[in-house]
Protein chains: 2
Amino acid sequence: MYKVSCAECPLRKYEIFEPFTAEEIAFMHSFKAGELVVEPGTTVMMEGMPSPQLYTILEGLGVRYRTLEDGERQVINFALPGDLIGLQAALMGEMSHSFEATTDMRLCVFNKNDLWRLFQHHPQRSYDLTWLSAVEEHFLGEALSTLGRRSAVERVGWALLRVHARLRAVGLESNGAVPMPWRQRDLADALGLSLVHTNKTLQKLRADNLAQWVDGMLSIPDPFALAQVASVDLEAPQRRPLI
Amino acid sequence: MYKVSCAECPLRKYEIFEPFTAEEIAFMHSFKAGELVVEPGTTVMMEGMPSPQLYTILEGLGVRYRTLEDGERQVINFALPGDLIGLQAALMGEMSHSFEATTDMRLCVFNKNDLWRLFQHHPQRSYDLTWLSAVEEHFLGEALSTLGRRSAVERVGWALLRVHARLRAVGLESNGAVPMPWRQRDLADALGLSLVHTNKTLQKLRADNLAQWVDGMLSIPDPFALAQVASVDLEAPQRRPLI
DNA sequence: CGTCCGCTTGAATAGTTTCAATTGAAGTGG
DNA sequence: CCACTTCAATTGAAACTATTCAAGCGGACG
């Protein structure tokens, strides 16, 4: 664990919209407690457990999931750089889902005690935090409709389009492809489908050249065509990292 | 539209935990813009539309839902007294779901412009708002796992238990029964099941005397038995109204 | 070289949807 | 006051989608 310059911290992204005051920059330095580097497969936060800390993903990809009574797993969503992890634990006392790193990951660590300090002295930042929470709620609502009312092809197509767009938004696209390090098992658990059926659906999309997901890389030759097949509205607002 | 005494406003519930200062009470009076009374079936907020206002349900029951491209409807959740409606529109600019009153309803109206004032001058209240948002996220996660990984009996059982508990929590239980004014169609759309299958599942639960939902009233003779059948963890945290 | 893991395949099964039609209660207009 | 419409709940049967079970394949790794 070591301190890094604020320039490397995603909090800096704010500057695009509104420059920081000297006081604010000083505050953020004090807010950031350090960094955490973890290996693939590491469970960073566990459902039901309290956590004294709050994280922002600096680098790497992960997955948020819940475990059901019968041992089944429901993936809540995939986590990308810029995502905030552990707000629930900070506010509610304990996490309602687990968080696991899928690749090597570098996290920016904040102390949950400092959160209250943020609310007291930085209304703009706390407003943004609430905004972030509202955005999360929005995307969960979208996921809910997908699981509730869509066929396998639509679910898989929707998930690939969303993940692709988000990875592009955080600048992880190269040569028209984005990293997709998760397993078919993860996608199946995210979409409420069996592994077998997810596999067959992926093959269908691959055969029609609508989406290529091979060797941990995903490319979507024609997003509009895939959106058509998956009945997805491409115009829907995309998530953008804030903190 | 007319002003009501603060004693009638749910914001007053805070006093249970922490007395208001004179300044805060004055602030809340200024925050509350008035009241809105609507009839059953009224769409209070529409997905995709901005809204200059923010509501708290004082009385009555409603439903939050999204409409999909193909016209299908996904119920996000059922809304009870104490629930905050329209935070998304206030923060993100537009609603990601619609809100409709199921029964006669009385709403407390706030102006979205005042929200920023809240964040600036009342850190405790804005913290609570974020907390509320985190709780909402928690319950959406629970709904997501239910739709993704559970059978029809489990879904229906889960929904009935949750709604029952929430209605009880806001004091709407009488003679062991709570009001359940929604239609089988609404429940089906909430659970991602067909109407026919929802109907047959309800009948099964009724036959086994696990849940009686007739004439708009719901009673659950033995919650533990139902929780058993539905593989639901009764110990899971319940939502409590905050604002 | 053997084991593990992720991906793939086929066949049988089960759960859920869709279609089509009926009932009863409540509301509407002549 | 009675036909007529409407809406929610209900039923049965047929069709289908997705799950489960079971097995095989290939690459990675010790």
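Residue numbers start from 1 in every chain, and the chains themselves are labelled A, B, ... in the order their sequence lines are given, proteins ahead of strands.
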Would you say a side-chain N or O of [X] is under 4.0 Å from OP1 or OP2 of [N]?
| X | N | result |
| --- | --- | --- |
| B:Arg206 | D:dT10 | yes |
| B:Arg150 | D:dT19 | no |
| A:Gln184 | C:dT8 | yes |
| B:Asn199 | D:dA9 | no |

Can you tell me the distance, in whole Å, between the [atom1] atom of [X] and the [atom2] atom of [N]?
| X | N | atom1 | atom2 | value |
| --- | --- | --- | --- | --- |
| A:Met180 | C:dC7 | CE | P | 10 Å |
| B:His197 | D:dG12 | NE2 | P | 15 Å |
| A:Leu187 | C:dC7 | CG | P | 10 Å |
| B:Asp189 | D:dA8 | CG | C1' | 14 Å |
| B:Arg185 | D:dT10 | CZ | P | 14 Å |
| B:Gln203 | C:dT16 | CD | P | 15 Å |
| A:Glu154 | D:dT17 | CD | C1' | 13 Å |

Review point. For the helix from C:dC1-D:dG30 to C:dG30-D:dC1, how many degrees between its two end axes (five pairs per end), to the nearest 10°?
Key: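 The end axes of the helix from C:dC1-D:dG30 to C:dG30-D:dC1 are about 30° apart, to the nearest 10°.
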
Go through the side-chain N and O atoms of [X] and [Y] and say whether any donor and acceptor fall under 3.5 Å apart.
| X | Y | value |
| --- | --- | --- |
| A:Trp213 | A:Gln184 | no |
| B:Glu47 | B:Thr67 | yes |
| A:Asn77 | A:Glu136 | yes |
| B:Ser231 | B:Glu154 | yes |

Practice item. Identify which nucleotide among D:dT20, C:dC19, C:dT16 has an atom closest to any side-chain atom of A:Val196, counting heavy atoms from C-beta outward. Key: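 Taking heavy atoms from C-beta onward, the closest nucleotide is D:dT20.
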
Check your understanding: Is A:Thr201 reaching over with its side chain to a backbone N or O of A:His197, donor-acceptor style, under 3.5 angstrom?
Key ->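 The answer is yes, because a donor-acceptor pair under 3.5 Å joins these two groups.
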
Review point. Would you say the side chain of A:Lys200 and the base of C:dG10 hold a donor-acceptor pair, judged only by whether the two atoms sit under 3.5 Å apart?
Key: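 It does, because a donor-acceptor pair links the side chain of A:Lys200 to the base of C:dG10 below 3.5 Å.
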
Exercise for review: Classify the nucleic acid contact of A:Leu195 as base, sugar-phosphate or nothing, counting any heavy atom under 4.0 Å across all strands shown.
Suggested key: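 Answer is nothing: A:Leu195 stays at 4.0 Å or more from every strand.
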
Exercise for review: Could you check whether A:Gly192 gets within reach of a base, just the sugar-phosphate, or nothing at all, counting any heavy atom under 4.0 Å?
Suggested key: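 Sugar-phosphate, backbone atoms only, no base.
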
Check your understanding: Do B:Tyr65 and B:Asp186 have side-chain heavy atoms sitting under 4.5 Å apart?
Key ->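 The answer is no, as the side chains (C-beta and beyond) never meet within the 4.5 Å cut-off.
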
Review point. Quick one: does B:Tyr55's side chain get under 4.5 Å of B:Asp83's, heavy atoms only?
Key: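 No, their side chains stay 4.5 Å or more apart.
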
